[in-house]
Amino acid sequence: MTSNSGQAADPDTERRRPRSLIVSFFGSYARDVGGWIGVADLIALMSGLDVEGPAVRSAVSRLKRRGLLTPERLGGAAGYRLSDEGRRILAEGDQRIFGHRVARVQDGWVLVVFSVPESERRRRHALRSQLTRLGFGTTAAGVWIAPAHLTDQARGALRDLGLEPYAELFHASHLDFRELTESVARWWDLPAFQAMYEGFLDEYEPVLERWRRMSGPLGAQERKQAFADHLRTVDTWRRLPYLDPGLPPELLPEPWAGSRAARVFFDLHTLLQPLGLSEVRSVIAFSKFR
């Protein structure tokens with residue numbers, strides 16, 4: 001039996017694209033500065049990540065068409081504000097990224113069992129994509145499984161797609177016939193998860209060590225670097241908690257790279273986010289006096 005999650009376990013397909021970085025920017029900083037950012041200020045900030053002005057304009061235009069950003073002029077300056085839908089999506093992302101839960105075996109599992117007719121194949125495909133994005137594994141055709149703490153998110157996906165008439169949700173416990181560790185290794189592509197986390201560690205453990213070695217006062221150049229390093233870190237990390245549903249540690253191979261990767265992410269976030277926010281506020285304040 002093949003795993004579904006391995007199909008989506010390569011975050012490099014989206015990360016570092018201007019649109020992805022700008023979504024990460026709005027999630028990490030825009031809400032802390034009032035939810036609005038001028039286009040000129042956003043271009044200035046993104047230049048520190050080697051994203052040029054035309055790419056920024058194209059990315060925000062696409063995000064506007066998707067309904068995540070709303071254009072708005074303030075003080076004569078063109079800019080963008082998060083839409084209601086954008087705020088909702090980022091709030092959900094906060095819960096998954098920063099409140100990533102680790103399951104316990106005794107809490108059980110949620111099963112999504114569905115049979116969607118061929119006439120609704122587009123919505124059926126959308127459901128499979130959404131369950132994959134939530135971190136579900138597959139036990140058989142039309143039977144998907146995840147730790148029980150993802151029940152509400154599975155219910156929400158079914159409601160959003162209008163597929164409740166074709167699906168059932170079950171709360172389940174594993175009883176017999178195979179070791180649960182063996183089954184989990186069939187339902188999810190654990191080697192792909194390991195490789196995903198090891199890739200994150202290869203890139204960001206040296207960044208964390210470099211910042212830990214810094215001493216003395218941090219000036220404007222360090223703030224600029226902190227902003228770039230933090231935004232890259234968030235942009236790389238934010239997909240990982242969606243692909244990994246937070247499986248019980250005792251069911252995972254040892255050593256599990258995900259535990260160390262999470263520590264590196266949260267240490268970098270704690271260390272760099274305040275410095276990055278200072279850089280954002282500095283750029284915004286400077287633009288008011290130009």
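What you see below is based on every heavy atom in this structure, not just the backbone, and it leaves out hydrogens, waters and symmetry mates.
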(request) Locate the shortest heavy-atom distance separating Asp41 from Ile37; write the atom from each residue and the value. (result) CB-CD1, 3.9 Å
(request) Using the rule that two of Ile, Leu, Val, Met, Phe, Trp, Tyr join whenever any of their side-chain heavy atoms come within less than 4.5 Å, decide whether Trp36 and Ile89 are in one cluster. (result) no
(message) Students often mix this up, so state it plainly: with edges at 30° and 60°, are the rings of Phe227 and Tyr29 parallel, tilted or perpendicular?
(response) tilted
(message) Is there a side-chain contact between Pro147 and Arg101 in this structure, where contact means two heavy atoms from C-beta onward sitting under 4.5 Å apart?
(response) no
(message) Any side-chain to backbone donor/acceptor pair from Arg31 onto Gly27? Under 3.5 Å, distance only.
(response) yes
(request) Determine yes or no for a side-chain-to-main-chain donor-acceptor pair under 3.5 angstrom, with Thr181 supplying the side chain and Leu251 the backbone. (result) no
(message) Working note: Thr139 + Trp109, criterion side-chain contact (heavy atoms from CB on, under 4.5 Å); need CA distance, chi angles, decisive distance, verdict.
(response) CA-CA 12 Å; Thr139 68; Trp109 308 86; over 6 Å; no
(request) State, yes or no, whether a side-chain contact exists between Met214 and Gln225 at a heavy-atom distance under 4.5 Å. (result) no
(message) With rounding to the nearest 0.5 angstrom, report the CD to CE distance, Glu198 to Met196.
(response) 10.5 Å
(message) Can a donor-acceptor pair be found, under 3.5 Å and without considering hydrogens, that links the side chain of Gln273 to the backbone of His230?
(response) no
(request) Count the heavy atoms belonging to other residues, nucleotides or ligands that lie under 6.0 Å from CD of Gln95, then report whether that count exceeds 12. (result) no
(message) Assess, by modelled atom type and distance only, whether the side chains of Thr236 and Arg232 contain a donor and an acceptor separated by less than 3.5 Å.
(response) no
(request) Please tell me if the side chains of Leu277 and Val33 come closer than 4.5 Å, counting only heavy atoms from C-beta onward. (result) yes
(request) Inspect the surroundings of CZ in Arg260 and state if more than 12 heavy atoms from other residues, nucleotides or ligands are less than 6.0 Å away. (result) no
(message) Whether the side chain of Ser61 engages the backbone of Arg57 through a donor-acceptor N/O pair (distance < 3.5 Å, no angle test) should be reported.
(response) no
(message) Using side-chain heavy atoms (C-beta onward) and a distance below 4.5 Å, is Trp144 in contact with Thr132?
(response) yes
(message) Check this for me: Glu168, atom CD, are more than 12 non-hydrogen atoms of other residues, nucleotides or ligands nearer than 6.0 Å?
(response) no
(request) State the OH-CZ distance between Tyr166 and Arg123, to the nearest 0.5 angstrom. (result) 6.0 Å
(request) Drop me the distance from Phe26's CZ to Leu69's CG, to the nearest 0.5 angstrom. (result) 4.5 Å
(request) Answer yes or no: is there a side-chain heavy-atom contact under 4.5 Å between Leu63 and Arg19? (result) yes
(request) Could you tell me whether the side chain of Glu203 reaches within less than 4.5 Å of the side chain of Val207, counting heavy atoms only? (result) no
(message) Tell me the closest heavy-atom pair linking Ala226 and Gly276, and the distance in Å.
(response) CB-N, 4.3 Å
(request) Kindly say whether Glu118 contributes a backbone atom to a donor-acceptor pair with the side chain of Arg121 at under 3.5 angstrom? (result) yes
(request) Output every pair passing salt bridge (charged side-chain N to carboxylate O under 4.0 Å, His left out) with a member in residues 67-79, not counting sequence neighbours, ordered by first then second residue. (result) Glu72-Arg81
(message) Do Arg128 and Thr138 pair up side chain to side chain, a donor and an acceptor below 3.5 Å, judged on atom types alone?
(response) no
(request) Enter the distance from Leu231:CG to Glu279:CD here, rounded to the nearest 0.5 Å. (result) 11.5 Å
(request) Answer yes if Leu240 and Val102 sit in the same cluster of Ile, Leu, Val, Met, Phe, Trp and Tyr residues linked by side chain heavy atoms under 4.5 Å apart, and no otherwise. (result) no
(message) Could you tell me if the side chain of Val280 sits less than 4.5 Å from the side chain of Asp32, heavy atoms only?
(response) no
(request) Mind listing the closest non-hydrogen atom pair of Ala167 and Leu158 along with its distance? (result) CB-CD2, 3.7 Å
(message) Nearest 0.5 Å, please: how far is CD1 in Ile22 from CG in Leu68?
(response) 12.0 Å
(request) Check whether Phe25 and Ile43 end up in the same hydrophobic cluster, where Ile, Leu, Val, Met, Phe, Trp and Tyr are linked by side-chain heavy atoms less than 4.5 Å apart. (result) yes
(request) Indicate the atoms forming the closest heavy-atom contact of Gly135 with Pro245, along with that distance. (result) O-CG, 3.2 Å
(request) Would you confirm whether Arg238, through its side chain, and Gly93, through its main-chain N or O, come within 3.5 Å as a donor-acceptor pair? (result) no
(request) Return yes when atom CZ of Arg62 has more than 12 non-hydrogen atoms of other residues, nucleotides or ligands closer than 6.0 Å, and no otherwise. (result) no
(request) Just say parallel, tilted or perpendicular for the rings of Phe266 and Trp237, cut-offs at 30° and 60°. (result) perpendicular
(request) State whether the side chain of Thr270 and the backbone N or O of Asp267 hold a donor-acceptor pair below 3.5 Å, judged by distance alone. (result) no
(request) Using atom types as modelled and distance alone, determine if a side-chain donor or acceptor of Ser83 lies under 3.5 Å from a backbone N or O of Gly67. (result) yes
(message) In terms of relative ring orientation, are His269 and Phe265 parallel, tilted or perpendicular, with 30° and 60° separating the classes?
(response) parallel
(request) Taking Glu120 for its side chain and Pro117 for its backbone only, find out whether a donor-acceptor pair lies under 3.5 Å. (result) no
(request) Check Leu21 against Met46 and note the closest heavy-atom contact, atom names and distance. (result) CB-SD, 4.4 Å
(message) Treating Ser129 as the side-chain partner and His125 as the backbone partner, does any N or O pair qualify as donor plus acceptor under 3.5 Å?
(response) yes
(request) Considering non-hydrogen atoms only, spot the tightest contact between Glu179 and His174 and give its length. (result) C-CE1, 4.5 Å
(message) Within the 4.5 Å heavy-atom criterion, are Arg96 and Leu150 side-chain neighbours or not?
(response) yes
(message) Check this for me: does any side-chain nitrogen of one of Glu85 and Arg66 sit under 4.0 Å from a carboxylate oxygen of the other?
(response) no
(message) Are Ile284 and Leu74 connected into the same hydrophobic cluster when the rule is that any two of I, L, V, M, F, W, Y join if their side-chain heavy atoms are below 4.5 Å apart?
(response) no
(message) Please report the interatomic distance CZ(Phe114) to CZ(Arg124), rounded to the nearest 0.5 Å.
(response) 8.5 Å
(request) Step by step, work out the side-chain contact (heavy atoms from CB on, under 4.5 Å) result for Ile145 and Trp188. (result) CA-CA 10 Å; Ile145 187 169; Trp188 284 275; 3.8 Å; yes
